2 protein chains.
Amino acid sequence: MDRTDSYHHGALRSALIKTGLELISEKDISGFTLREVAKRTGVSTAAPYHHFKDKAELLQAMSIEGWRMLGERFEAVSDVAETPSARLRGIGEAYIRFAMEHTEYFRVMSRPDLYYSGVYDENREATGLKVFEMLRSTVAGLFPGKKNDDPEIQEMVLHAWVLVHGFSTLWIDGSIKGTSLGELGIEELISMLFRSDPCLTQT
Amino acid sequence: MDRTDSYHHGALRSALIKTGLELISEKDISGFTLREVAKRTGVSTAAPYHHFKDKAELLQAMSIEGWRMLGERFEAVSDVAETPSARLRGIGEAYIRFAMEHTEYFRVMSRPDLYYSGVYDENREATGLKVFEMLRSTVAGLFPGKKNDDPEIQEMVLHAWVLVHGFSTLWIDGSIKGTSLGELGIEELISMLFRSDPCLTQT
DNA sequence: CATTTATCTTAACACTGTCAAGATAGATTT
DNA sequence: AAATCTATCTTGACAGTGTTAAGATAAATG
């Protein structure tokens, strides 16, 4: 390799994040190796340590990118939805499909113990919280006149979140496949899931 | 150590499972080491390999024990419940509390990629499925006259499962804490969760 | 051009999962 | 009881991991 190529001045940090996301898309999290991220980026084994405290901190940075992407999807869906209830249903489905398409991002994003290394990156907290707030304001849209922290809204936020997150994790972990529900197709399951929720089926 | 102590004739397998469960209760899954399990059991590094194909297979055996315990809890709750709906609510709560009390068992149990090593242990599949069937028959109790595979029952099983699993994972991963819902206590959240479900609040 | 600062590499450490070869214990046979 | 056999465990090694200290190299600055 060209010698000067290994000097990514200022750009190594983001290059590592990018390579890391590529790598995690191919293999699962257990095969995610800091050494291989470095090798693929064309840099020595120890190089990442000048940009990240440890492996967990790189994963944390990667999860920020995941949250940003999910936020974008939420926005895209919100823009085209015509009713508050269609909007809620839309971002719910977006959540599930994101988990299915980017399973390994999703794993890292929702498992702080994978990337926690003593200190939380405030950017990560902010990016994750932003997505949560998008959900909350979408739910609030169903209750015009009520404040954001109204108990009824809080309850519905919890319910919606739990529903899509629970389904996503069960699905990507393959837990559903082994049961009698596994005979159903994914589309059927999703519509079944939303049908079971009165809040999401109301017009 | 006494020399003969290291020869667990026939009992090493279960001893390793037991030690493994103890170890995983103290540390999280990322700190779970086959070598330490062996050392704690008073046996050499390579000894486990005469009883388990690899690390994943030990984890699989451990997860069977977890499913068995959860099944016991379900039965205990079912026995005391007086109405079908109280029974469903009871096992739902049991699911959540099990996840909170035995977080690391729960993690291994619900993540096949942690213990999958090429072949599924049929005992594990059977034990996990048994718990699922307990949920299904509990839901079926709400619809006397309908068959076990009635679509309406299937839908409600999915809904109930997703609800308790989603909440459990969000809680143990600390995802809720960072949001506005984090200000609420766990008891409050649980009752909020069940209140949001019309099926579980009906009498 | 010389010096400073930012960035990366080399070389090592302790630790991990895993395996092949040999040793030891208990059971079985004679 | 002695000898054999089988099940069980240990020793010692290998490749791969995260991580760190010390030194080298590139770019920026004077």
Side-chain angles (χ1 to χ4, degrees), chain A residues 1-20 23-24 26-63 104 108 111 113-119, chain B residues 1-20 23-24 26-63 104 108 111 113-119:
Chain A
M1 174 197 325
D2 196 345
R3 208 47 184 277
T4 47
D5 277 5
S6 62
Y7 274 76
H8 303 234
H9 267 90
L12 217 206
R13 195 191 138 90
S14 55
L16 289 170
I17 295 174
K18 192 181 164 210
T19 310
L23 194 56
I24 215 174
E26 299 170 18
K27 312 186 176 184
D28 60 356
I29 187 80
S30 65
F32 182 79
T33 277
L34 204 47
R35 289 177 112 105
E36 189 168 354
V37 175
K39 190 187 292 178
R40 283 211 192 188
T41 316
V43 105
S44 83
T45 296
Y49 286 88
H50 296 267
H51 298 272
F52 303 99
K53 175 171 155 271
D54 52 20
K55 183 183 177 183
E57 206 169 274
L58 169 59
L59 285 170
Q60 184 163 202
M62 286 162 58
S63 94
E104 298 303 330
V108 177
R111 298 257 333 254
D113 61 296
L114 285 178
Y115 60 72
Y116 182 70
S117 64
V119 188
Chain B
M1 177 198 321
D2 197 345
R3 208 44 182 284
T4 49
D5 277 6
S6 60
Y7 273 76
H8 302 236
H9 272 270
L12 215 207
R13 195 191 137 91
S14 55
L16 288 169
I17 295 174
K18 192 182 162 208
T19 310
L23 193 57
I24 215 174
E26 298 169 19
K27 312 186 175 181
D28 60 357
I29 188 79
S30 65
F32 182 78
T33 274
L34 203 48
R35 288 178 114 104
E36 189 167 354
V37 176
K39 190 187 292 177
R40 283 211 193 188
T41 315
V43 107
S44 84
T45 296
Y49 285 88
H50 295 267
H51 298 271
F52 303 99
K53 175 172 157 266
D54 53 17
K55 182 182 176 182
E57 207 169 271
L58 170 59
L59 285 170
Q60 184 164 201
M62 286 163 56
S63 93
E104 299 303 331
V108 177
R111 297 257 334 254
D113 61 295
L114 286 179
Y115 61 71
Y116 184 69
S117 65
V119 188

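Throughout, protein chains are lettered first and strands after them, A, B, ... in sequence-line order, and every chain is numbered starting at 1. The shown structure was predicted, so the numbers you read here are calculated from the model rather than taken from an experiment.
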Tell me, do A:Lys55 and A:Phe32 make a side-chain contact under 4.5 Å, heavy atoms counted? yes

Whether B:His51 contacts D:dC9 is assessed here as follows: a side-chain N or O lying under 4.0 Å from the phosphate OP1 or OP2. Is that the case? yes

Intermediate values then yes/no, side-chain contact (heavy atoms from CB on, under 4.5 Å), A:Phe52 and A:Gln60: CA-CA 10 Å; A:Phe52 303 99; A:Gln60 184 163 202; over 6 Å; no

What distance separates B:Leu58 CG from B:Ile17 CD1, expressed to the nearest 0.5 Å? 6.5 Å

All N/O contacts under 3.5 Å from nucleotides 3-5 of chain C to the protein, with atom names and distances to one decimal?
none

Minimum heavy-atom distance between B:Thr45 and B:Pro48, given as atom pair plus value: O-CD, 3.4 Å

Only counting residues at least two apart or in another chain, list the ones meeting salt bridge (Lys or Arg N to Asp or Glu O under 4.0 Å) with B:Lys27. B:Glu36

Tell me, for nucleotides 14-21 of chain D in 5' to 3' order, what letter each nucleotide earns: B for a base near a protein heavy atom under 4.0 Å, S for only sugar-phosphate near one, - for neither? ---BBBB-

How long is the line joining CG of A:Leu12 and C1' of D:dA26, in whole Å? 13 Å

Rounding to 10°, can you tell me the angle the first-five-pair axis of the helix from C:dC1-D:dG30 to C:dT30-D:dA1 makes with its last-five-pair axis? 10°

B:Glu57 meets the side-chain hydrogen bond (donor to acceptor under 3.5 Å, both in side chains) criterion, sequence neighbours left out, with none

Kindly compute the distance separating OG (A:Ser44) from OH (A:Tyr49), expressed to the nearest 0.5 Å. 11.0 Å

So how far is it from A:His51 NE2 to A:Leu12 CG, rounded to the nearest 0.5 Å? 4.5 Å

Rounded distance (nearest 0.5 Å) linking atom CG of B:Leu23 with atom OG1 of B:Thr33: 7.5 Å

Output all residues satisfying salt bridge (Lys or Arg N to Asp or Glu O under 4.0 Å) with B:Arg35, sequence neighbours left out; order by chain, then residue number. none

Could you give the CZ-to-P distance, from B:Phe52 to C:dC19, as a whole number of Å? 15 Å

Quickly work out the B:Glu57 CD to C:dT18 C1' distance and round it to whole Å. 14 Å

